[in-house]
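Scroll down for the structure; my scribbles are underneath it.
Order of the sequence lines sets the chain letters (A, B, ...), proteins ahead of strands, with each chain counted from 1. Just so you know, these numbers use all the heavy atoms, side chains as well, and skip hydrogens, waters and symmetry mates.
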There are 2 protein chains.
Amino acid sequence: MAGMADTPNADPSNTAADSAIGLSPASACDTPCPARQQTIALVDDDRNILTTLSISLHAEGFATRVYADGETALKALQENPPDLAIFDVKMPRMDGLELLKALRAQSRLPVIFLTSKDEEPDEALGLAMGADDYITKPFSLRLLVARIRAILRRSELAKAPPEEVPGAELPEPVVRGRLSLDPARHQVTWDGKPVSLTVTEFLILEAMALRPGVVKSRNQLMDAAYSDDVYVDDRTIDSHIKRLRRKFRAVDPEFGAIDTLYGAGYSFADG
Amino acid sequence: MAGMADTPNADPSNTAADSAIGLSPASACDTPCPARQQTIALVDDDRNILTTLSISLHAEGFATRVYADGETALKALQENPPDLAIFDVKMPRMDGLELLKALRAQSRLPVIFLTSKDEEPDEALGLAMGADDYITKPFSLRLLVARIRAILRRSELAKAPPEEVPGAELPEPVVRGRLSLDPARHQVTWDGKPVSLTVTEFLILEAMALRPGVVKSRNQLMDAAYSDDVYVDDRTIDSHIKRLRRKFRAVDPEFGAIDTLYGAGYSFADG
DNA sequence: CTCTTTTCCGTCAAATTGACGGCAATTGGA
DNA sequence: TCCAATTGCCGTCAATTTGACGGAAAAGAG
């Protein structure tokens, strides 16, 4: 466990610019408060971003510590590691890449990079160097929080004994009558004949096939096919269903296993 | 719903650019009004957009309040927070970013940013974080509404996270004598013979079948079948009962399990 | 038995919802 | 850079659902 945030650090020994300014929700969590409050370190030379982000994340139930300077940040991160760190790639003296490199020399702390739209070459670089994710500005809070949570979840799973990890086993192939789905191989057949699906199509079909006969609303199918940070139109699901039906019909003109429940959603027919 | 589309609201060509113009569907709540209508605050210096959006959202069933000025908006938002706010990023005196920042200092109100396609992608937009989502103009009403609903849904889930994932457990099938109802599959049988019901019919029947023998008033049945913000005529329930009986009679001419209690309501017969 | 209130049922037009071709934007490679 | 695949969304048309009536029938009241 990372050091329990002593975050309310009234760390008096500091100069304005480089100090860690701790923010810790006093009002506790009015949000999905997980087990323990998690601490996020923010490193960026732009004070505006620092403040805004800090406030926002704080409101999302995280404790935050901010640093405006890479060197100071490095030292603090080593001495008292947070649960996750967010770096701006581009910073004056020691930029995000250097900072990450130095940090990685001794720590496996999860890191998210902030990059600008036009700094693409660095993205690959950052990932190659061991950042866990990166986000290009502009981004919405929703996106950021979704990624933070995803990464934290991942890194916590990694800490736990690998045996009892919930969905860790290889996904079992699903066989439902004439349909067969193999998630691991991303392979689909109908009556033994292969059907080639795109990823999105596959996910939607899988969600339905896992519970044959059960009606899935469009929202449920969206949840199955998309990550938390994207929201697409309801009708988009229609489109995917349309494509699914078309592809299956190409193999079996009689195909009718995807049922529509007017006003409710879709279901994969029992069989 | 046609009546909604009209524009009773005078053009806000009015005076004080910053006054909050309340719009709330005439229907209002003369009744307990369960799920309060959700209110959206719009902040934009362009009166055209303000009016258009307001009318559109209003037609979608939201109440709206509009502000043409960041400072006034801030004050109003703090004093009387809506359920969600939509800011234009670029505004004369206090722009969306400042507004958000000030707001975030004390509130976790869900915010959607409106940005222009051609605004400096880096400078201002880079700061656009902290909003829950942002949409670049031009955008379709459908998209906007979809996002609004998504965010509202999300923030409401966050408010009440008592249990585990909502859609985790499947609703249990209900069996009452010769009747069998499976909510998950939207499947109904009578003596094993399938009966095909529409969603509304299903909900009404389910409400009665859950408490066999107990008389349900029309209002109770309405509550079961409609979301809190829809009101329909009492007689409409009669119609649905009529259709239910007809569909069951088609399968069993002797069917008589739906009883009428003169002056009180309907009940599903014990058995 | 007569009158009043409530319910039933057929009919219908309007609103909602679904299907699907097309298109434009994005992605990922050759 | 150009090409092909994927994907999200729009717009149109078709199908389904459904709220509302009006008159007939049934149930209560006196």
Side-chain angles (χ1 to χ4, degrees), chain A residues 117 120 123-124 136 186 195-205 215-219 221-222 224-227 229-250 255-256 258-267, chain B residues 1-5 27 59-61 117 135-136 138-147 150 186 196-205 215-219 221-222 225-227 229-250 255-256 258-267:
Chain A
K117 189 79 173 181
E120 289 171 25
E123 292 171 2
T136 55
H186 206 274
V195 179
S196 137
L197 302 184
T198 69
V199 177
T200 311
E201 288 160 2
F202 189 96
L203 290 173
I204 290 179
L205 178 60
V215 179
K216 296 285 184 181
S217 71
R218 288 182 175 69
N219 275 336
L221 295 177
M222 272 177 41
Y226 302 91
S227 56
D229 49 18
V230 276
Y231 188 83
V232 297
D233 195 278
D234 271 17
R235 292 287 157 269
T236 295
I237 298 296
D238 290 26
S239 280
H240 288 294
I241 295 284
K242 166 189 59 177
R243 289 163 183 146
L244 277 170
R245 283 172 169 156
R246 185 197 293 156
K247 286 185 177 179
F248 277 93
R249 261 198 312 254
F255 179 84
I258 299 181
D259 292 333
T260 302
L261 232 136
Y262 198 99
Y266 297 95
S267 74
Chain B
M1 288 308 132
M4 288 262 192
S27 53
E60 288 289 334
K117 189 80 174 180
I135 298 186
T136 54
F139 52 85
S140 73
L141 178 62
R142 188 150 72 159
L143 182 62
L144 177 62
V145 171
R147 300 235 172 145
H186 265 267
S196 138
L197 303 184
T198 69
V199 176
T200 310
E201 288 160 3
F202 188 98
L203 290 173
I204 290 180
L205 177 60
V215 180
K216 295 284 185 183
S217 72
R218 287 182 176 69
N219 275 335
L221 294 177
M222 272 178 44
Y226 301 93
S227 56
D229 52 354
V230 188
Y231 285 95
V232 296
D233 197 275
D234 270 17
R235 307 292 260 331
T236 295
I237 297 296
D238 293 23
S239 277
H240 287 294
I241 295 284
K242 166 193 60 179
R243 288 167 182 140
L244 277 170
R245 283 171 170 155
R246 184 201 290 155
K247 286 186 176 178
F248 277 93
R249 259 196 316 253
F255 179 85
I258 298 180
D259 293 333
T260 301
L261 230 133
Y262 197 96
Y266 299 94
S267 74

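Put simply, CG on Asp238(B) is 17 Å from P on dT5(C), counting in whole angstrom units. Atom OH in Tyr266(B) sits roughly 11 Å away from atom C1' in dC9(C) (whole-Å rounding). One can place CG of Leu244(B) at 12 Å from P of dG19(D), the figure rounded to the nearest angstrom. Computed from coordinates, the Ile204(B) CD1 to dT17(D) P distance equals 14 Å when rounded to whole Å. Nucleotide dC8(C) holds its P atom 13 Å from the CZ atom of Arg246(B), rounded to whole Å. Distance, Ile237(B) CD1 to dC9(C) C1': 16 Å, rounded to whole Å. Distance Asp259(A) CG to dT16(D) P: 14 Å, rounded to the nearest Å.
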Pairwise N/O distances under 3.5 Å, protein to nucleotides 6-10 of chain D:
from    : atom 1 : to        : atom 2 : distance (Å)
dT7(D)  : OP1    : Thr200(A) : OG1    : 2.9
dT7(D)  : OP2    : Thr198(A) : OG1    : 2.3
dG8(D)  : OP1    : Tyr226(A) : OH     : 3.2
dG8(D)  : OP2    : Tyr226(A) : OH     : 2.9
dG8(D)  : OP2    : His240(A) : NE2    : 2.4
dG8(D)  : N7     : Arg243(A) : NH1    : 3.4
dG8(D)  : N7     : Arg243(A) : NH2    : 3.4
dG8(D)  : O6     : Arg243(A) : NH2    : 2.6
dC9(D)  : OP2    : Asp233(A) : N      : 2.7
dC9(D)  : OP2    : Thr236(A) : OG1    : 2.5
dC9(D)  : N4     : Ser239(A) : OG     : 2.6
dC10(D) : OP1    : Ser140(B) : OG     : 2.7
dC10(D) : OP2    : Arg142(B) : NE     : 3.1
dC10(D) : OP2    : Arg142(B) : NH2    : 2.8

Between the protein and nucleotides 26-30 of chain D, list every N/O to N/O distance that falls short of 3.5 Å.
from    : atom 1 : to        : atom 2 : distance (Å)
dA27(D) : N3     : Tyr262(B) : OH     : 3.4

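Closest heavy-atom contact between Leu221(A) and Ile204(A): CD2-O, 4.1 Å. Between Val199(B) and Tyr262(A), the shortest heavy-atom distance links the atoms CG2-O, 3.4 Å.
Considering only residues two or more places apart in sequence or on other chains, Asn219(A) meets the side chain to side chain contact (heavy atoms under 4.5 Å, CB included) condition with Ser217(A), Met222(A), Tyr231(A), Asp234(A), Arg153(B).
OP1 or OP2 of dT17(C) has not a single side-chain nitrogen or oxygen of Arg218(A) nearer than 4.0 Å.
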List the steps and the verdict of side-chain contact (heavy atoms from CB on, under 4.5 Å) for Thr236(B) and Tyr226(B).
-> CA-CA 12 Å; Thr236(B) 295; Tyr226(B) 301 93; 3.7 Å; yes
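Taking the side chain as every heavy atom from C-beta outward, Leu244(A) and Tyr266(A) never approach each other to under 4.5 Å. By the 4.5 Å heavy-atom criterion applied to side chains, Arg218(A) and Arg235(A) are counted as neighbours.
Using a 30° and 60° split on the angle between ring planes, Phe202(B) and His186(B) fall in the tilted class, from 30° to 60°.
Of the inter-residue distances, the one linking Thr198(B) atom OG1 with Leu261(A) atom CG reads 10.0 Å to the nearest 0.5 angstrom.
Arg243(B) and Glu201(B) are not joined by a salt bridge, as no carboxylate oxygen comes within less than 4.0 angstrom of a charged side-chain nitrogen.
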